[in-house]
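Only one structure is covered here, and it is reproduced in the block below.
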Amino acid sequence: MSFLKPTAPVYLLGPRSWLPAKVMTNQDVLDWMGTRARPSWITHRTGVEKRHWVEPEQACSDVAAAAALRLLEDYAIDRRRISQLLLATVSGDFPTPPTSPLVLPKLGLDGIGVLDLVAACAGFTSAVHVGAGLALATGSDHLVIAADIRSKFLNREDLATTALFGDGSASCLVTPRPEQADYQLIASELGADASMADIIAIRAGGSRLPHHLNDDPTKVFLKMEHGATLFMKGVDNMSAGAASLLRRLGMSVADVDWFVPHQANLHLIRAITDKLGADPAKVVETVQFTGNTSGASVGIALAHLQEQLPLRAGQSVLLISAGAGGASACALLKRL
C-alpha cells in the first residue's frame, strides 16, 4: 500500500465535471447494437438508465479540457500558478504521445510539467494522491483531470459490457493554499490486486499484440471477463481499501459522513455499502444517469455531491475506487 498523510495541509478546489451533450438511453444503446433485448434488462442488470457518449470527432483531450476549463473559469484560477498537469485516463487520443501535452493548448497553458496516469477506474483518486504528494514536495499547484471515453471501444455484440459505460471527465486543483478551497485532504492510499491484472482489457494495440499483428477484430474492444469473479473482487477490493484507510486513521465507518464509490454499476455500489456497513443514505449514486465513466467516475460523483446533495462544512467524504488492473485508490477529504 502507498499511504499518504500530509505533513502540511493540502487542499482541493473543485471538482468540476463535464458530460457530453449526447444522451444515450438504454433503448438508444439497444438500437445502436441492433438487438431485440429490452431496456429493462439493462436496468435490472446494471442499474444504469442512461449515459452520455461523445460525438465521433471528440477525443480524450477535448473531454479532459472541457472539465478543466469549467474549473479554471468558475474559480478564476490564474493559470500562472499551475506548475503541472496530471491527467488520469485509459483512453488517450493516441497510444503515443501522451495526452496531457495535447490538453495544454486547449487550456491556454504551456511550459509546465505534464504526466499521464493510467489507473483505470481508480484514476481520479490516484491523481489526487499523486498531486497531493507533489504539492507537498514543491509547494506549488497541480491541475488534476480524470477523463475517459469508453463508448469508442464498445463491441456491438457484447451487451454485458456495452450496457455499462459512458463518457465524461472531472477536474480539480490540488494546492497547498487554502484560498477558495472546497476540501482538505486528510489522507489517501493506493493499492493493487494483481489477480485482477487482465480481467478487464483491450487486448490489441499494445506491445503484447500490436494492431498490425492482430487478426481478431474483437480484441480492439473493451472486454470484461469472469463476471462473477470481477464483481466479487470489486466489492472486496474497494471495501478492503476503505477499511484500510480508516484503520490507519483510527476511524470507523460510522465516523464518515459521505461515501463516494466508483460508479461501476448500481449492484456493486450497494454490495460495497452492505459490506462496509455504511448507511445507504450517505452513499453517493450517480451511475443511473452517467453509466460507468471509468477513471472520471469518482470525480463526477464528488461534483454531484457538492452541487446536488446536502454536504456541509466539516463533514468527511471518503472516496473509494478500484477497477481494471486491480488498481485501487481511496482518499478521505474534509469539506471546508
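- Note that CG of Asp279 is 9.5 Å distant from OG1 of Thr273, once rounded to the nearest 0.5 Å.
- Judged by distance alone, the side chain of Ser188 and the main-chain N or O of His129 form no donor-acceptor pair under 3.5 Å.
- No more than 12 heavy atoms of other residues, nucleotides or ligands lie within 6.0 Å of CZ in Arg45, so this atom counts as exposed by the packing criterion.
- Within a 6.0 Å sphere centred on NZ of Lys152, heavy atoms belonging to other residues, nucleotides or ligands number more than 12.
- Within the 3.5 Å criterion, the main-chain N or O of Gly234 finds no donor-acceptor partner in the side chain of Asn237.
- The number of heavy-atom neighbours closer than 6.0 Å to CG of Asp110, taken from other residues, nucleotides and ligands shown, is 12 or below.
- Within the 3.5 Å criterion, the main-chain N or O of Ser140 finds a donor-acceptor partner in the side chain of His142.
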Working for side-chain hydrogen bond (donor to acceptor under 3.5 Å, both in side chains), residues Glu49 and Thr25 = CA-CA 6 Å; Glu49 298 173 10; Thr25 65; over 6 Å; no
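- Here the rule is side chain to side chain contact (heavy atoms under 4.5 Å, CB included) with Arg16, and of Ile300, Leu173, Leu71, Leu69 only Leu71 fits it.
- Looking at Gln263, Arg270, His304 one by one, the single match for side chain to side chain donor-acceptor pair (under 3.5 Å) with Glu285 turns out to be Arg270.
- A search for salt bridge (charged side-chain N to carboxylate O under 4.0 Å, His left out) contacts involving Arg79 returns nothing, not counting sequence neighbours.
- For Thr162 (side chain) and Asp158 (main-chain N/O), a donor-acceptor pair under 3.5 Å exists by modelled atom type.
- Chaining together hydrophobic side chains whose heavy atoms lie under 4.5 Å apart places Phe259 alongside Phe3, Val48, Ile186, Phe231, Val235, Met238, Leu245, Leu246, Leu249, Met251, Val253, Val256, Leu266, Leu268, Ile269, Ile272, Leu276, Val283, Val287, Leu318, Ile320, Leu332.
- Panel note: side chain Arg51, backbone Leu164; no donor-acceptor pair is recorded below 3.5 Å.
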I would like to know whether Lys5 and Glu189 meet salt bridge (charged side-chain N to carboxylate O under 4.0 Å, His left out); could you show each step before the answer?
-> CA-CA 9 Å; Lys5 186 175 183 182; Glu189 188 170 45; over 6 Å; no
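- Distance check, rounded to the nearest 0.5 Å: CG of Leu86 to CG of Leu134 gives 6.0 Å.
- Residue Lys282 places its NZ atom among more than 12 non-hydrogen atoms of other residues, nucleotides or ligands, all under 6.0 Å distant.
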